[in-house]
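Written below as structure tokens is the structure these notes are about.
What you are looking at is a predicted structure, and each value in this text was computed from that prediction instead of being measured. Letters A, B, ... are given to chains in the order of the sequence lines, protein chains preceding strands, and every chain is numbered from 1.
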Amino acid sequence: MIKHDLTVLLAEAARRAQAQGKLPHTALPEVLLEHPPRSEHGDYASSLPLKLSRAARMNPMAIAEAIASCLPPTDFLARAEAAPPGFINLNLKDQWLAKQVEDILDQGDNYGSISLGHGERVQVEFVSVNPTGPLHVGHGRGAVLGSTLARVLGIAGYEVQKEYYLNDAGNQIDSFYRTLYSRYCQALGQKMEVPADGYVGAYMVDLAREIVAEVADRFLSLPQVEATQELGQMGLKRIVDAIREDLERLGVTFDQWFSENSLYETGQFKESLGILREKGFVEERDGAIWFTSTALGEDKDNVIIRSNGSPTYFASDIAYHSNKFISRGFQRVINIWGADHMGHVSRMKAVVGALGVDPERLRVILVQMVALRRGKAVIKVSKRTGEMITLRELMDEVGVDACRFFFLARSADSQMDFDLALAKRHSAENPVYYVQYAHARIASILTLARERSLDCEQGDVSLLNHPAEMALVRKMLLLPELVETAALTLEPHHLTYYAQDLATTFHAFYKQCRVVSRYPRDLPLSQARLKLVAAAKVALANTLKLMGMTSPERM
RNA sequence: GCGCCCGUAGCGCAAUCGGAUAGCGCGUUGGCCUCCGAAGCCAAAGGUUGCGAGUUCGAAUCUCGCCGGGCGUACCA
């Protein structure tokens, strides 16, 4: 990556300046490059002189000049200038930039890949919604964020495993089973109340009807406990299948669906509890088993096994994380949770530490809530009350691509207001079409060139020097840097802004530079520009692919 | 009460480490299709970055105090 080459070059120049006595021998801070907001300030700039000024007791401008004078000539750097109050501005050579077009074409689908991760094994666990009802709009946000992040980490050189943690044990499943039983009986005309803690959503009525359609009244003759259990499992499977279907439609797939229940069946839970006990973090009190997190600086202790003998959700999570880190050996684990799980974060980190794993290896991304409105009316989303807008409805309404783009365009820590009344109208104005239009436009240029039998293999990219051409190359070269940033900060929302930027730069180029010309004298330039356009298609398509969106050839 | 997140143009949101004149989309106003897609381009208007102090050569960004919104603070998940 050119940015890294420049970073190294600058650091060397600073050391050379010290060796030559132009700079005092103070410790050098890490060299950081940025893209100046104004293009006159170069392709990259460093504020190193400003940071060095105090320790070196020198005027920052003098430092900038000293370092700039020690930069060796290279085939990519056109010039380095000291700029007030003490920046070093770096400009790339047009000829070098033009040559990158061929480099991008050579890389093709791999363009954007970097080796940041060095094959480190990372798990991204996301969605993991309780399988007690359909996915709603809010879940879509975590699904899109997680799947995009997994793609970004993959292209950044990590070995990524995507996982859905299936909460198929515990209270909520029990309640789901009992609700389903009651709805099943009702569907068959029996008098039966929905449990007080049950799921009152209409989808449970539909689910019961579906099951009746399949098995009729077979379960009525069974003892209630047995019927509830069997019926529940049937219903659970249907719900999970529906969740899986919705996610697939959204472009979200998993390498593994991990069953919470299996943690108890395989003895993983006992094992991890044993580790904690051994290390002295387990205590019995008031008839319950506690994790003594206060000993690790937490505000309070947490119950692992209730006094009635049933394990808590936290208990499962202890075993689950032990499984992730110790049994399966992931070097890093990224959990994407809703903001309502915030209270869970620090105790999970404490548990991971207690298990003997560096808590830094666990990263939790909290996705802020999606507040639903219909016009001015706030819709309270709750599976309990059953009022919700499903993800499926949203996808029907605005389409998958717009859906993904919309969720992705906001950073995880900003709350989102989703107005359904405006959803459809907004989808037509969504920047997603702006980006995809650029791709379709490129495709049609390339088609036209093919129809006119233009051989762009012959194109000589050194003919490229128009400012709009150079701007487009520069923008394309940002993709690997963007991947790096997104992978390091775990913030894939930057992709949406980059995609728009790239599209804008392309549209501007298109307006200013004729690609396919009717005049024979333009042939060499046409061929060169076709290469540029083909490279732009690669960059744009790869960006869209990272976001899980389609790259239409026409629209 | 305490803890975490957020507050940026009319609306929705960006701003990679503290960097140079804070950007993008929608909306508003005006212009641009006689060789490649106007779902486009160009231009204009629109900001005391919630308020007030502090640190710094430099603050949307860091610190402190207020104000407003969200979430958490269960033997729920």
Problem set entry | Sugar-phosphate, base or nothing in reach of A/Glu34, heavy atoms under 4.0 Å | base
Seminar exercise, completed: Of the candidates B/C36, B/C75, B/A20, the side chain of A/Asn89 sits closest to B/A20
For this session: Using a 4.0 Å heavy-atom cut-off across all strands, classify A/Glu553 as base, sugar-phosphate, or nothing.
Result: base
For this session: Please report the shortest heavy-atom distance between A/Pro85 and A/Pro60, naming the atom on each side.
Result: O-CB, 3.4 Å
Exercise. What do you reckon, do A/Tyr510 and the base of B/C36 stack, with centroid distance below 5.5 Å and planes below 30°?
Worked result: yes
For this session: Map A/Lys300 and A/Glu481 onto RNA chain B by nearest heavy atom, then report which one ends up closer to the 5' terminus.
Result: A/Glu481
Exercise. Looking for any heavy atom pair under 4.0 Å, which part of the strands does A/Gln500 touch: base, sugar-phosphate only, or nothing?
Worked result: sugar-phosphate
Exercise. Among the nucleotides B/C36, B/A39, B/A20, which one has an atom lying closest to any side-chain atom of A/Leu448?
Worked result: B/C36
Exercise. Any idea which of B/G70, B/G37, B/G25 is nearest the A/Tyr437 side chain?
Worked result: B/G37
For this session: Give one of base, sugar-phosphate or nothing for A/Ala440, where a contact means two heavy atoms less than 4.0 Å apart.
Result: base
For this session: Using a heavy-atom cut-off of under 4.0 Å over every strand shown, decide if A/Ser411 touches base, sugar-phosphate, or nothing.
Result: sugar-phosphate
Problem set entry | Nucleotide nearest A/His493 (side chain, heavy atoms from C-beta), chosen from B/A14, B/A20, B/C71 | B/A14
For this session: Can you figure out which of B/C75, B/G69, B/A77 approaches the side chain of A/Asn171 most closely?
Result: B/A77
For this session: Using a 4.0 Å heavy-atom cut-off across all strands, classify A/Asp299 as base, sugar-phosphate, or nothing.
Result: nothing
Exercise. In terms of side-chain heavy atoms of A/Thr485, which of B/U16, B/A74, B/G37 is nearest?
Worked result: B/U16
Seminar exercise, completed: Closest of B/U21, B/C13, B/C35 to the A/Ser414 side chain is B/C13
For this session: Could you tell me whether A/Lys3 contacts a base, only the sugar-phosphate backbone, or nothing, with contacts defined as non-hydrogen atoms closer than 4.0 Å?
Result: nothing
Seminar exercise, completed: Picking from B/A77, B/C13, B/G19, the nucleotide nearest the side-chain atoms of A/Tyr497 would be B/C13
Exercise. For RNA chain B, whose closest nucleotide is more 5', that of A/Ser444 or that of A/Asp340?
Worked result: A/Ser444
For this session: Would you say whether A/His41 stacks on B/A20? The test is a distance between ring centres of less than 5.5 Å and an angle between planes of less than 30°.
Result: yes
For this session: Just call it for A/His341: base, sugar-phosphate, or nothing, with non-hydrogen atoms closer than 4.0 Å on any strand.
Result: base
Exercise. With sugar-phosphate meaning primed atoms plus P, OP1 and OP2, does A/His494 contact a base, only sugar-phosphate, or nothing at under 4.0 Å between heavy atoms?
Worked result: sugar-phosphate
Seminar exercise, completed: Among B/C41, B/C36, B/U73, the one nearest any side-chain atom of A/Val516 is B/C36
Exercise. So what does A/Arg54 hit on the nucleic acid, given a heavy-atom distance under 4.0 Å: a base, only sugar-phosphate, or nothing?
Worked result: sugar-phosphate
Exercise. Heavy atoms under 4.0 Å, any strand shown: does A/Ala45 hit a base, just sugar-phosphate, or nothing?
Worked result: base
Problem set entry | Aromatic centroids of A/Tyr165 and A/Tyr320 separated by under 6.0 Å | yes
Problem set entry | Proximity to the side chain of A/Leu50 - top-ranked nucleotide from B/G37, B/C57, B/A14 | B/C57
Exercise. So what does A/Arg347 hit on the nucleic acid, given a heavy-atom distance under 4.0 Å: a base, only sugar-phosphate, or nothing?
Worked result: base
For this session: For A/Thr489, answer base if it contacts any base atom (sugar-phosphate contacts may also be present), sugar-phosphate if it contacts only those atoms, and nothing otherwise; contact means non-hydrogen atoms under 4.0 Å.
Result: nothing
For this session: Report which part of the nucleic acid A/Tyr313 touches: base, sugar-phosphate, or nothing (heavy-atom distance under 4.0 Å, all strands).
Result: base
For this session: Sticking with atom P, work out how far B/A77 lies from B/G18, rounded to a whole angstrom.
Result: 40 Å
Seminar exercise, completed: When both distances are under 3.5 Å in a Watson-Crick or G-U wobble arrangement, the nucleotide paired with B/G68 is B/C6
